[in-house]
Amino acid sequence: MTQDTVRVRFAPSPTGYLHVGGARTALFNWLLVRKLAGVFVLRIEDTDRERSSDEHTEAILHGMRWLGLDWDEGPFFQGAGLERHRADVARLLELGRAYRDYSTPEQAEADRAEEMEAGRRLRRARERADALGVEDSDRRAAAGEPHAIRFRVPDGETVWDDMVQGERRFRNEEIDDLVILRSDRTPTYNLAVVSDDADMGITHVIRGDDHVSNTPKQILLYESLELDVPAFGHVPLILGPDGKRLSKRHGATAVGAYEEEGILPEAMFNFLALLGWSPGDDREVFGVDELIEAFSMERVGRKSSVFDVTKLQWLNGQHLARKSPDEIRRLVLEALERRDPGLRAAAEDRDPAWIDGLIDLLKVRARTLEDLADQAVPFLGPLSGYDEQTAAKQFMKDPAAVAERLSALKVALAAVDWAEEPMESTLRATAEQRGEGAGKLIHPLRLALTGRGQSPGIFEVMVLLGREEAEDRIDAAIRHLEDEGDT
Ligand code: GLU
């Protein structure tokens, strides 16, 4: 490793699934190091034993692999660094940059109340530690008396040049003498993160805005431990369409939910990159390599960005359209299998060119692979029935009349070439002769052929089904209508 190598990390806590905010943070880190030929470290911050789980760790790793966010080192687990964390605390004690706090819970409570009242930090625990003196403090610790260890926040001001937000300044007098080691000898977040980031040689810390108030504490810890301070960049929050912080109220926030919906990983990648970063021109559709090329931290904005699912779906359509027929066929087969392995088998029985024709027909309307697979269902096997709502409108008002219309249409179509244009003119001419609008024929025909109220253009559907299958479906609908008419 040379001095100049950029080393970043993604440090999720496995207390939940990989959510879009976390994935976006990971992605900005990843783009930066792929651009600068740096190193991406993955660290699982599993110190909150109660809320962390292996299941969540697995889900986070899965989500990152799905997005293509590969890491160069790790996953490391924060819990494994416990002894180093304690050693760093011991060092701070030795240097006089930390002190033991033997306060009783009642004293701690009274301190809090007094600070609230005063509206400023009073540092009573520090006063008590200083009054006790180092020797007595050492003696009580040696005797096994429980205590926490607090960081002695120095006077002055903490300033850094944030990669995203520019100069940030905090007055140290506002920062609490934070606990760095609890009385059960476990380290707290700020200490563990500084110890780990230093140990892993992290040069740039890019993370969510919600960590901004931790940064001055961490900088002061680095300085007190005489360690190099990394660069920091805080990425603004992601908001829901109503301008409030993105939450489950706005829909799925777990990346895995979008995978299940059939969003392509490259579409999600593209979408996440645009949440806070912009290329500076009006381009929106980017492949991963194009993003690596175009990305820079300078173009990460200071304003929060809005999570707009419609845009994700649009991008997904754009990425679907960029796929080669072979790729898209493979993805559609996978999506069919997720729905029902029998559907995949039915599709594989067909001529691949026919499947490609089906995909071409459906993909313009489909926004996700699952959507496309769903629309493919009526083409891959016998109809399982008719959509009830559409049937109530198109079939049931007057079943006998609809059956008669479909029969007339079938007779008219029997004489034409099975191609879009002649079928369309025949249908229109038939409607005109009968003094009816074309819709009176088209809507029941769509229901007869697909079982659904919506489909691609009905003449394209007929061509794809072929004459025999289309005629069989029309006959089946007529029988169905006659049965309904009898009851
Ligand atoms: N584990 C922290 C979190 O998930 C991130 C810590 C950091 O990036 O410094 O919020």
Side-chain angles (χ1 to χ4, degrees), residues 11 13-16 45-53 78-79 81-158 169-197 208 210-225:
S13 305
T15 52
E45 302 207 320
D46 58 345
T47 42
D48 184 344
R49 287 267 153 228
E50 277 177 14
R51 292 173 57 225
S52 299
S53 74
Q78 188 155 55
L82 185 60
E83 288 314 319
R84 177 173 27 77
H85 302 151
R86 287 178 182 157
D88 281 337
V89 172
R91 206 167 122 69
L92 287 168
L93 262 185
E94 225 167 83
L95 293 167
R97 311 306 298 263
Y99 58 88
R100 296 193 192 87
D101 178 6
Y102 293 97
S103 308
T104 62
E106 294 72 31
Q107 283 173 319
E109 187 48 49
D111 290 351
R112 250 195 307 276
E114 199 190 345
E115 282 200 347
M116 282 287 277
E117 174 86 27
R120 64 191 171 88
R121 301 274 170 218
L122 297 171
R123 308 205 192 282
R124 295 296 185 226
R126 186 196 291 198
E127 284 173 5
R128 281 194 290 277
D130 289 347
L132 180 63
V134 175
E135 268 173 43
D136 279 350
S137 170
D138 287 351
R139 195 177 37 73
R140 284 167 72 171
E145 190 176 332
H147 57 272
I149 298 181
R150 286 183 184 271
F151 180 51
R152 187 184 288 272
V153 171
D155 294 340
E157 227 183 8
T158 303
R169 238 169 228 282
F170 279 78
R171 289 193 315 194
N172 297 355
E173 64 186 30
E174 286 171 8
I175 302 170
D176 188 22
D177 273 1
L178 52 139
V179 170
I180 49 179
L181 198 72
R182 301 182 188 92
S183 59
D184 65 3
R185 310 230 342 115
T186 60
T188 55
Y189 159 74
N190 282 298
L191 186 281
V193 165
V194 167
S195 180
D196 289 357
D197 283 343
D210 46 338
H211 282 291
V212 153
S213 63
N214 287 318
T215 301
K217 299 174 189 169
Q218 294 179 12
I219 291 175
L220 291 170
L221 283 168
Y222 277 104
E223 289 172 349
S224 300
L225 284 163

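The figures here come from the full heavy-atom set of this structure, side chains too, leaving out hydrogens, waters and symmetry mates.
- Under 3.5 Å, the side chains of Thr188 and Asn190 contain no donor-acceptor pair of N or O atoms.
- Here Asp196 pairs with Arg84 in a salt bridge; the nearest charged N to carboxylate O distance falls below 4.0 Å.
- The side-chain hydrogen bond (donor to acceptor under 3.5 Å, both in side chains) search around Thr158 returns Asn172, not counting sequence neighbours.
- With sequence neighbours excluded, the residues satisfying side-chain contact (heavy atoms from CB on, under 4.5 Å) with Glu174 are Arg171.
- With a 4.5 Å cut-off on side-chain heavy atoms, Leu221 and Asp88 do not count as touching.
- Partners of Glu114 by side-chain hydrogen bond (donor to acceptor under 3.5 Å, both in side chains), not counting sequence neighbours, listed by chain and number: Arg124.
- Partners of Asp138 according to the side-chain hydrogen bond (donor to acceptor under 3.5 Å, both in side chains) rule, which considers only residues two or more places apart in sequence or in another chain, are Arg100.
- Partners of Ser183 according to the side-chain contact (heavy atoms from CB on, under 4.5 Å) rule, which considers only residues two or more places apart in sequence or in another chain, do not exist here.
- Inter-residue side-chain proximity for Ile180 and Pro187 is flagged as unmet; no heavy-atom pair is nearer than 4.5 Å.
- Residues Leu132 and Arg140 form a side-chain contact, since some pair of their non-hydrogen atoms from C-beta on lies under 4.5 Å apart.
- Ser103 is linked by a side-chain contact (heavy atoms from CB on, under 4.5 Å) to Asp101, Gln107, Ala125, Arg128, counting only residues two or more places apart in sequence or in another chain.
- At least one side-chain heavy atom of Val153 sits less than 4.5 Å from a side-chain heavy atom of Leu220.
- Contacts of Ser53 classified as side-chain hydrogen bond (donor to acceptor under 3.5 Å, both in side chains), with partners at least two apart in sequence or in another chain: His56.
- Checked against salt bridge (charged side-chain N to carboxylate O under 4.0 Å, His left out), Arg169 has the following partners two or more places apart in sequence or in another chain: Glu157, Glu167.
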- [ ] Could you give me the CA-CA distance, side-chain angles and deciding distance for Arg91 and Glu94, then say whether salt bridge (charged side-chain N to carboxylate O under 4.0 Å, His left out) is met?
- [x] CA-CA 5 Å; Arg91 206 167 122 69; Glu94 225 167 83; 5.7 Å; no
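- Checked against salt bridge (charged side-chain N to carboxylate O under 4.0 Å, His left out), Asp177 has the following partners two or more places apart in sequence or in another chain: Arg123, Arg126.
- Side-chain atoms of Asp130 and Glu127, non-hydrogen and from C-beta on, never get closer than 4.5 Å to each other.
- Counting only residues at least two apart or on different chains, no ring pair (Phe, Tyr, Trp, His ring centres under 6.0 Å) pair has a member in residues 116-136.
- Remark: Tyr102 pairs with His147 by the ring-ring contact (aromatic ring centres under 6.0 Å, His included) rule, at least two apart or across chains.
- Remark: Ala11 engages Arg9, Arg43, Glu45 in a side-chain contact (heavy atoms from CB on, under 4.5 Å) (not counting sequence neighbours).
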